[in-house]
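Down below is the structure, laid out as structure tokens.
Residue numbers start from 1 in every chain, and the chains themselves are labelled A, B, ... in the order their sequence lines are given, proteins ahead of strands.
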There are 2 protein chains.
Amino acid sequence: MGDYDEALAVEQVGTGEWTARLSDAWSIGGAVNGGLLMALTAATLGHDVLDGSPEHVAPLAYSAHFLSASADGPATLRTEVIRRGRSLTTGQVSLYQEAGGRTLERLRALVGFGSLDGRAEPHLRSAPAPSIPPPERCVDSSTAPADFVASVPLLGRIDLRLDPATAGWALGTPSQEGRMQGWIRFADDRPVDANSLLFFLDALPPVAFDLGIMGWAPTLEFSGHVRAEPAPGWLQVELRTSNVAGGFMEEDATVWDGTGRLVAQSRQLAGVRIPDPS
Amino acid sequence: MGDYDEALAVEQVGTGEWTARLSDAWSIGGAVNGGLLMALTAATLGHDVLDGSPEHVAPLAYSAHFLSASADGPATLRTEVIRRGRSLTTGQVSLYQEAGGRTLERLRALVGFGSLDGRAEPHLRSAPAPSIPPPERCVDSSTAPADFVASVPLLGRIDLRLDPATAGWALGTPSQEGRMQGWIRFADDRPVDANSLLFFLDALPPVAFDLGIMGWAPTLEFSGHVRAEPAPGWLQVELRTSNVAGGFMEEDATVWDGTGRLVAQSRQLAGVRIPDPS
């Protein structure tokens with residue numbers, strides 16, 4: 001179940017009703033990675049969208065609220081196409097799992113689909129990709145301590161190379177800048193595509209690690225925009241946070257492809273356990 | 001209908017079903033302002049949330065997809081509480097209007113409500129408010145040309161003072177920095193509160209004006225986070241965009257209260273008509 005396309009496979013069991021299987025292979029500390037769930041829900045809703053709006057292939061705007069942590073096992077998805085427009089088709093998707101005899105909703109998302117043709121031009125301005133060392137001179141996450149890697153099966157699915165300047169947290173010396181950046185691709189070199197950008201927007205460790213806060217930072221709300229079709233190869237990702245207070249932080253992510261084109265960006269609200277200064 | 005509390009008034013007509021009246025008094029070029037619709041939908045869903053979760057008074061995370069432009073006249077809202085948790089209650093709300101014999105959905109939103117008590121501490125970091133001239137040395141939007149003010153009734157609802165450094169577009173000399181900032185409050189000095197921050201996050205002119213793009217920039221997707229209770233008085237707002245291409249731009253908004261505390265932030269995907277360089 002370590003194959004990305006397998007993880008996104010669904011079976012239609014009724015109108016707007018689908019089944020899937022979530023796998024621990026994509027988990028972090030027992031919970032299935034949120035980015036994978038975003039890619040899965042968008043891909044599933046996308047099947048309904050394409051059936052009627054064949055040009056609206058890409059999830060241009062994706063907004064999700066996470067309701068409970070997903071676990072290894074079967075899942076059900078419900079999809080609804082809300083509106084078919086000329087340039088955008090908008091829909092809703094929910095993911096459910098059975099747990100303790102109850103049906104629990106894991107996340108609900110609203111997604112606007114459209115075409116990426118013509119989204120590169122006319123081009124007025126875009127944030128340039130930060131200059132960082134090439135992948136072979138970055139910190140390979142597979143070299144992390146074995147017990148850490150074992151608790152994060154997701155690390156086996158990706159090839160993640162962190163800029164040494166923002167990987168100090170792994171050695172106990174976080175930069176305290178609220179920034180993390182590096183290169184990422186699938187471990188098995190599956191090609192990146194528009195839908196998988198939703199996964200890559202949330203595949204790095206929490207940016208709070210760079211502030212010395214090493215706990216889990218559960219996503220409460222996530223909003224991502226896919227702006228262009230990525231070129232094959234490595235993606236460059238930057239995470240930032242500027243506001244960490246009262247148990248919450250925002251995490252802004254930006255993804256460029258290997259040609260330096262900005263292809264996706266997101267902002268999420270995440271929970272974070274801030275050490276009491278006293 | 002220029003009173004904000006009147007604009008947010010709804011009547012319950014069934015379980016999760018409400019009626020409201022949208023007014024041209026809050027419109028821009030014929031369409032009702034999206035920020036007002038966000039405040040209205042959050043306030044309406046909030047009635048359902050409070051009835052069961054009395055501490056969850058503030059819309060901490062609000063995500064909306066805009067489906068069609070709202071107009072002066074009656075509207076119907078449908079609300080659903082999805083999940084009641086200890087720290088967050090999450091729900092969904094849609095706004096509909098009748099037009100041309102059809103029921104059209106105007107926007108659909110997912111909202112996470114919680115308490116703002118304890119959201120200020122512990123405080124690790126926050127983006128400081130930019131230093132700008134005081135309101136009395138900023139550009140008062142009510143001094144704009146009369147025909148412009150007449151086409152934007154919303155300007156009569158707010159007291160907006162733009163930093164002269166980012167108001168050059170009004171004189172045909174945009175700064176080209178992709179930034180707009182200033183002070184804002186209700187024109188009638190109604191107190192600001194957590195819910196109204198959703199309105200203020202989207203009450204300024206489009207940031208694209210500062211790039212010399214003077215057309216309407218319709219919001220497609222909006223995601224806002226309310227981070228703290230605002231102190232009474234002026235709010236300081238900053239808009240930025242870094243990525244303008246292929247008919248889309250992101251607009252990031254940050255709001256601080258008069259004490260300099262960051263109280264809300266948002267990111268939206270908006271449509272923008274980029275002049276062809278040829």
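The 12-atom threshold is exceeded at CD of B:E80, counting heavy atoms of other residues, nucleotides or ligands nearer than 6.0 Å. Other residues, nucleotides and ligands contribute at most 12 non-hydrogen atoms within 6.0 Å of the CZ atom of A:R273. Remark: B:R179 CZ is packed, more than 12 non-hydrogen atoms of other residues, nucleotides or ligands lying under 6.0 Å away. Heavy atoms of other residues, nucleotides or ligands lying less than 6.0 angstrom from CD of A:E55 number 12 at most.
In this structure, chain A has heavy atoms under 4.5 Å from both the backbone and the side chain of B:L269. Contacts between A:L262 and chain B at a heavy-atom distance below 4.5 Å involve the side chain alone, from C-beta outward. Of the two parts of A:T254, neither the backbone nor the side chain holds a non-hydrogen atom closer than 4.5 Å to a non-hydrogen atom of chain B. At a 4.5 Å heavy-atom cutoff, the contact between B:S266 and chain A is made by backbone atoms alone. With a 4.5 Å cut-off on non-hydrogen atoms, A:A228 does not touch chain B at all. Neither the backbone nor the side chain of A:V272 has a heavy atom closer than 4.5 Å to any heavy atom of chain B. The part of B:L88 that comes within reach of chain A is its side chain, from C-beta onward, which places non-hydrogen atoms under 4.5 angstrom from that chain. For A:L104, no part sits under 4.5 Å from any heavy atom of chain B, backbone or side chain. Only the side chain of B:I213 comes within contact range of chain A, with at least one heavy atom under 4.5 Å from a heavy atom of that chain. Only the side chain of B:Q92 comes within contact range of chain A, with at least one heavy atom under 4.5 Å from a heavy atom of that chain.
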- Item | Criterion salt bridge (Lys or Arg N to Asp or Glu O under 4.0 Å) on A:E177 and B:R125, from CA distance to verdict | CA-CA 10 Å; A:E177 287 180 33; B:R125 56 157 46 194; over 6 Å; no
- Task: Could you check B:H225 against A:E250 for side-chain hydrogen bond (donor to acceptor under 3.5 Å, both in side chains), going step by step and ending with a plain yes or no?
- Result: CA-CA 9 Å; B:H225 305 153; A:E250 98 280 29; over 6 Å; no
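Between the side chain of B:R227 and the backbone N or O of A:N243 there is at least one donor-acceptor pair closer than 3.5 Å. Using modelled atom types, no side-chain atom of A:R83 and backbone atom of B:E105 make a donor-acceptor pair closer than 3.5 Å.
Taking CG of A:L110 as the start and CZ of B:R108 as the end, the distance is 7.0 Å to the nearest 0.5 Å. Rounded to the nearest 0.5 Å, atoms CG (A:L107) and OG1 (B:T90) are 11.0 Å apart.
Of the listed residues B:M249, B:H65, B:Q265, B:E221, the one with more heavy-atom pairs under 4.5 angstrom with chain A than any other is B:H65. Of the listed residues (A:S126, A:G247, A:G271), the one with the most heavy-atom contacts under 4.5 Å to chain B is A:S126. Heavy-atom pairs under 4.5 Å with chain A peak, among B:L124, B:D252, B:V244, at B:V244. Contact count versus chain B (heavy atoms, under 4.5 Å) is highest, among A:L220, A:I82, A:I274, for A:I82.
Figure legend: B:R119 and A:F248 shown as a cation-pi pair, the cationic atom lying under 6.0 angstrom from the six-membered ring centre and within 45 degrees of its axis.
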